[in-house]
Amino acid sequence: MLTLEQVKAKSQTRLAGVNPVIRQLGEALIERCYNRGVWVLITQGLRTYAEQDALYAQGRTVLYDSKGKKLPIVTQVKGGYSIHNFGFAIDFALLLKDGKSVSWDTLRDDDKDSLPDWSEVVEEAKKLGFEWGGDWRSFVDMPHLQMVFGLTTAQFRAGKRPTQAQLDAALSKIKTEVDEPMTAAEQKKMEELEATVKRQAEAIMALEKRVNIKGDQTPPTVYHKALEAAKAVEAITTTNDKDQSALKIIQTMYNMGLFEPRFVEFVRSYKGKV
């Protein structure tokens, strides 16, 4: 089982070249999906124009791969016409629980919650403000997520970029959702949990006091005379390190008169004959 940090590490290379805000939101997406039992791998981030042109050629002018396998068309745009070319888009796939395999099966439900894992990723992505390529009509792109902030690819090509205020607003979604006030139901559950924890703590403290686990509890008043009598004849050296069982034994001996100085002196001086 991979940790969250290990899952994140598998996407760092692809996230490294994108806009810093997209990178942070991409990492937040991985984390939120992981918390839902779904592992996400970022498979594409920033692409150069040349890389985009190579993808465009696939299935058109480049029909087969090096092994002779027919290549499908995977993009509708050349270099400069994809948001990937400007670092404001990412593609994802499902990372399987072996930590190595990847799936693009949009109906897969590895976490068995009756909701496809792919749909859970899309749901979290939209909460973070991503636009999903699966909603497009002209060319459905199921793994694609992007943020264009109202800009067109022509504007991106011309050098225009989102304002700092827009970027800050996008990032605030991470903080806002974390800081959202609890619902009434969540508040009730929290109060019930706090009450349970308090009761458990009080029970532990009472137990510690009763059996004097720490050895620093003052014995109940009812045992004081017996303890002082036992200490006076050096049967014990301290009075505060006794648990409930020891206190009862000392009290019983006191009641029997075994701490009477004369009796103790007799026992110590007695030399029986065998």
Side-chain angles (χ1 to χ4, degrees), residues 7-8 10-34 36 38-56 58-59 72-95 102-106 116-177:
V7 173
K8 281 185 174 181
K10 290 181 175 291
S11 296
Q12 288 308 302
T13 301
R14 291 298 184 182
L15 285 172
V18 300
N19 178 274
V21 170
I22 301 301
R23 175 179 56 76
Q24 292 180 66
L25 291 170
E27 291 174 344
L29 174 64
I30 295 171
E31 181 174 346
R32 294 181 183 199
C33 291
Y34 184 90
R36 292 181 64 162
V38 178
W39 294 2
V40 177
L41 179 71
I42 304 304
T43 59
Q44 289 285 302
L46 176 68
R47 289 194 207 119
T48 64
Y49 282 23
E51 289 170 334
Q52 187 69 36
D53 287 337
L55 281 178
Y56 184 79
Q58 182 176 312
I73 291 176
V74 293
T75 183
Q76 295 295 310
V77 295
K78 296 180 178 180
Y81 289 82
S82 169
I83 301 302
H84 279 288
N85 303 149
F86 310 103
F88 285 85
I90 54 176
D91 289 348
F92 73 91
L94 301 175
L95 179 64
V102 178
S103 173
W104 282 266
D105 182 354
T106 59
D117 297 343
W118 199 275
S119 298
E120 292 185 73
V121 178
V122 171
E123 182 179 301
E124 293 300 327
K126 289 184 175 182
K127 288 180 183 178
L128 288 166
F130 281 106
E131 174 187 352
W132 178 44
D135 290 329
W136 297 345
R137 294 184 179 181
S138 58
F139 180 71
V140 177
D141 193 352
M142 299 295 281
H144 184 84
L145 300 170
Q146 67 178 34
M147 286 190 185
V148 297
F149 300 92
L151 301 177
T152 65
T153 50
Q155 289 175 310
F156 274 107
R157 286 196 303 275
K160 190 172 179 60
R161 294 292 183 271
T163 65
Q164 189 59 52
Q166 289 176 309
L167 294 173
D168 290 343
L171 267 184
S172 70
K173 289 184 177 294
I174 300 177
K175 185 175 185 299
T176 298
E177 292 193 3

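Predicted model only: the values in this text are computed from it and were never measured. When a residue number appears, it is its place in the shown sequence, counting from 1. Hydrogens, waters and symmetry mates play no part in the numbers below; they use all other heavy atoms, side chains included.
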Worksheet item: Can you check side-chain contact (heavy atoms from CB on, under 4.5 Å) on Phe139 and Val77, steps first, answer last?
Response: CA-CA 10 Å; Phe139 180 71; Val77 295; over 6 Å; no

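The line from CZ of Arg36 to CD of Glu120 is 4.5 Å long, rounded to the nearest 0.5 Å. Here Leu55 contributes atom CG and Ile73 contributes atom CD1; the two are 12.0 Å apart, rounded to the nearest 0.5 Å. Here the CG atom belonging to Leu94 is positioned 9.0 Å from the SG atom belonging to Cys33, to the nearest 0.5 angstrom. Between Lys10 atom NZ and Ile42 atom CD1 the span is 13.5 Å, to the nearest 0.5 Å. For the atom pair CG (Asp117) and CH2 (Trp39), the distance works out to 12.0 Å, reported to the nearest 0.5 Å. Here Thr48 contributes atom OG1 and Asn85 contributes atom CG; the two are 7.5 Å apart, rounded to the nearest 0.5 Å.
Looking at residues two or more places apart in sequence or on another chain, you find no salt bridge (charged side-chain N to carboxylate O under 4.0 Å, His left out) involving Arg157. Judged as a side-chain hydrogen bond (donor to acceptor under 3.5 Å, both in side chains), and not counting sequence neighbours, the contacts of Thr75 are Gln52. In terms of the salt bridge (charged side-chain N to carboxylate O under 4.0 Å, His left out) criterion, residue partners of Lys126 (sequence neighbours excluded) are, by chain and number, Asp135. With sequence neighbours left out, Trp136 forms a side-chain hydrogen bond (donor to acceptor under 3.5 Å, both in side chains) with Glu131. Every residue two or more places apart in sequence or in another chain was checked for a side-chain hydrogen bond (donor to acceptor under 3.5 Å, both in side chains) with Asp53, and none qualifies.
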Result block: side-chain N/O donor-acceptor pairs under 3.5 angstrom for residues 20-31, not counting sequence neighbours:
| unit_1 | atom_1 | unit_2 | atom_2 | d |
| --- | --- | --- | --- | --- |
| Glu31 | OE1 | Lys8 | NZ | 3.3 |

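Contact record, Met142 with Gly134: SD-CA, 3.9 Å, taken as the closest heavy-atom pair. When all heavy atoms of Gly80 and Tyr49 are compared, the pair lying nearest together is CA-CZ, 3.4 Å. Of all heavy-atom pairs spanning Val121 and Phe92, the tightest one is CG1-CE1, 3.6 Å. Shortest non-hydrogen contact noted between Gly150 and Gln155 is O-OE1, 4.0 Å. The minimum heavy-atom distance between Ser103 and Ala93, with the atom names listed, is O-CB, 3.7 Å. The shortest heavy-atom contact between Ala89 and Val18 is O-CG1, 4.0 Å.
A distance below 6.0 Å separates the ring centres of Phe88 and Phe156.
The side-chain heavy atoms of Leu167 and Asn19, taken from C-beta on, include a pair separated by under 4.5 Å. At a threshold of 4.5 Å between non-hydrogen side-chain atoms, the residues Thr106 and Pro116 do not count as touching. For the pair Leu151 and Gln166, the minimum side-chain heavy-atom distance is 4.5 Å or more. At least one side-chain heavy atom of Leu145 sits under 4.5 Å from a side-chain heavy atom of Trp132. Two residues are said to be in side-chain contact when any heavy atoms from C-beta on lie closer than 4.5 Å; Asp105 and Trp118 fail this criterion.
Taking a 6.0 Å sphere around OH of Tyr81, one finds it holds 12 or fewer heavy atoms contributed by other residues, nucleotides or ligands.
Among the candidates His144, Gln44, Gln146, Glu51, the single residue satisfying the side chain to side chain donor-acceptor pair (under 3.5 Å) test with His84 is His144.
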